[in-house]
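Order of listing sets the numbers, starting from 1, for every ligand and every atom in it.
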Amino acid sequence: MTGIITYSFKGLNYVSLLRPSAFHRYRYCYLNPFVTPPFTNASFSSSLPSNSLGSEPATLMEVVKAAWRPSVAGSIAIRADQKSYAYSQLLSSACNISRLLFSTNIKINNKGVSGHGNLGGARIGIVAKPSAEFVAGMLGTWLSGGVAVPLALSYPEAELLHVMNDSDISFVLSTEDYSETMQSIATGCAAQFSLIPPVSSTFSSPNMTDELQTGEIEADGILIDENPALIVYTSGTTGKPKGVVHTHKSISAQVKMLADAWEYTSTDQFLHCLPLHHVHGLFNALLAPLYAGSTVEFIPKFSVRSIWQRWRESYPKNGAKADDAITVFTGVPTMYARLIQGYQAMDPEQQALSAYAAQQLRLMMSGSSALPQPVMHEWETITGHCLLERYGMTEFVMAISNPLRGARKAGTVGKPFPGVQVRIAEDKSGGGTIGEGELCVKSPSLFKEYWKLPQVTKESFTDDGFFKTGDACRVDEDGYYVILGRTSADIMKVGGYKLSALEIESVLLQHPDIAECCVFGLPDKDYGEAVSAIVVLDSEQKRKQEESNSAFSLEELCNWAKDKLAPYKLPTRLMLWDSLPRNAMGKVNKKELKRQLGNEK
Ligand SMILES: Nc1ncnc2c1ncn2[C@@H]1O[C@H](COP(=O)(O)OP(=O)(O)OP(=O)(O)O)[C@@H](O)[C@H]1O
């Protein structure tokens, strides 16, 4: 295991990596990455980790260390609100935040955390819109030996309080926009509160070396790989959100894995429009890019119009490429569905410009829920991009992915990343298909535990350390994994058959009049469960039906679907809704829907 030490020498501040055997306690100092340490720059750089898998065992805060590389210090890490922030400015701010945290004498509630670092693993809640301040808050927390808990801006107050109380948050870092609400919520759970000082932008401070602060922090700075670094709450799709504890080691393993598999580099520029309190937005689109030295541009809220516009600005039709051209985009399936609708509403000239621009990006990815095949195919027709679909979960972040190079197969999530082991635990209770069962994952990126839920943690693992995902899965003839859905919500038991709701949804979405749909089982006295579908019609179709006073019927749907689905998979109940209730990640809480609709019967 490796530690990091920063120290002062003749009034200057330096950083170095050390094995624990070489030190026990040391002073922790701010550093100036532009100052040459008393050893040569070459030896400084070579002691830093490479981006490849299988290099040094995971060390602390790979993301922070990568950002410390002198080669990236001056380059742009974050763009937001028309401002750019260099890596050096982020780190300088992180150091300020670290100093602020030390100065406030945080009450350390260390239940369940072994003492380590200066803050001893105290939980620091971070409430900020996607911004340089959010990133600096998180890095500052890590620099202080704290555990970052990104909090959702969208949570209603009660849910926010649940998460804050559950994770025993000692301190809340927030930005101005949320200060009033957060201050009162923090008081409500006896946590201290501070605003995150604004990060200086390259515009406000063109001479970035000015921004780097020096000064000592009077505390121990050891941050150990196995120590908790982050608590992310699950979406709550299958139950009350649980706090998933990741360590510096699991984070390191994951960012390396992603940067390597998808070839993230310092020339990449990510357009980021995902929430930061879930792993997709936090790891795939922020931490792994920062680890690779890329630039991440935040747009505050997903907006079809601004995304298409940003791509068009990046690649004007005359063949030019803007300096800040976006190269990578990752989103959830509903985002692509909406981008398609936005494209269809454009005039032909705008369509040509938009399609051309989107084509120029290096990589477009989808995940967090199943990518409907019609969306994938339509997207490819418009932009030429065969979306790279991958599979992940809060507990291990990403584990299985279609390849960057090589065939990407619609309806599959590809193959496990190097270093990830997977196993399918077949259900012996009957009714299942041979080769199908619960997916179990063992990976260096696996979480440490569910926060304060030792029994649930224990039950989530097999005796030999595989995490039981709760997702049903099979492998196709090419060795690609097919996710059949959550065993608890997507797998229906109908007359002795086990059916995948995701498979049926994928077929129904091919119907020209259906814009969105959601399939699940409702209790049925004869068959155990009945295949039930909520359908949202395409707006044009809906208008026509309203005009003609007719309604889309179950009979019509089944007549259309009977050549595509076996008879026992055809829906027997149909509900027409105006929209589907989706959470911040575009997911529908089927368990909750089943509960509500099952009770209504
Ligand atoms: N490409 C994909 N195809 C199908 N399902 C996916 C894909 N990527 C992610 N998922 C689904 O998302 C789940 C992980 O999401 P997350 O960790 O946010 O949990 P959740 O199910 O949304 O919430 P909770 O764990 O609280 O119930 C996976 O277990 C899987 O069911």
Problem set entry | Tyr527 ring center near Tyr568 ring center (under 6.0 Å) | no
For this session: May I ask you to identify, for Thr234, whether its side chain, its backbone, both or neither come under 4.0 Å of ligand 1 on a heavy-atom basis?
Result: both
Exercise. Counting both backbone and side chain atoms, is some N or O of His278 under 3.5 Å from an N or O of ligand 1?
Worked result: no
List the atom pairs, donor and acceptor, that lie under 3.5 Å between side-chain atoms in residues 274-281 and the rest of the protein, sequence neighbours left out.
unit_1	atom_1	unit_2	atom_2	d
His280	ND1	Ser368	OG	3.0
His280	ND1	Arg390	NH2	3.4
His280	NE2	Thr330	OG1	2.6

Problem set entry | Pair Trp379 and Tyr343, ring centroids less than 6.0 Å apart | no
For this session: Kindly confirm or rule out a cation-pi arrangement of Lys409 over Tyr480, judged by NZ or CZ under 6.0 Å from the six-membered ring centre and within 45° of its axis?
Result: yes
Exercise. At a 4.0 Å cut-off, with the gap strictly under it, does some heavy atom of Asp471 reach an atom of ligand 1?
Worked result: yes
Exercise. Pro241 near ligand 1, heavy-atom distance under 4.0 Å?
Worked result: no
For this session: For ligand 1, indicate whether the residue Ser366 contacts it via side chain, backbone, both or neither (heavy-atom separation under 4.0 Å).
Result: neither
Problem set entry | Contact check, Arg486 vs ligand 1, heavy-atom distance below 4.0 Å | yes
Exercise. Going by the atom numbers of ligand 1, which of them fall below 4.0 Å from some non-hydrogen atom of Thr394?
Worked result: 16 (P), 17 (O), 18 (O)
Exercise. Tell me, which pairs form a salt bridge (charged side-chain N to carboxylate O under 4.0 Å, His left out) where one or both residues lie in residues 460-473, sequence neighbours left out?
Worked result: Arg423-Asp464, Asp471-Arg486
For this session: Could you tell me whether Glu297 and Arg310 have a side-chain N and a carboxylate O separated by less than 4.0 Å?
Result: yes
Exercise. With respect to atom 2 (C) of ligand 1, which of Lys587, Glu395, Glu389, Met585 exhibits the smallest heavy-atom separation?
Worked result: Glu389
Problem set entry | ligand 1 contacted by Lys242 (non-hydrogen, < 4.0 Å) | no
Exercise. Less than 4.5 Å apart, any side-chain heavy atom of Val232 and any of Phe447?
Worked result: no
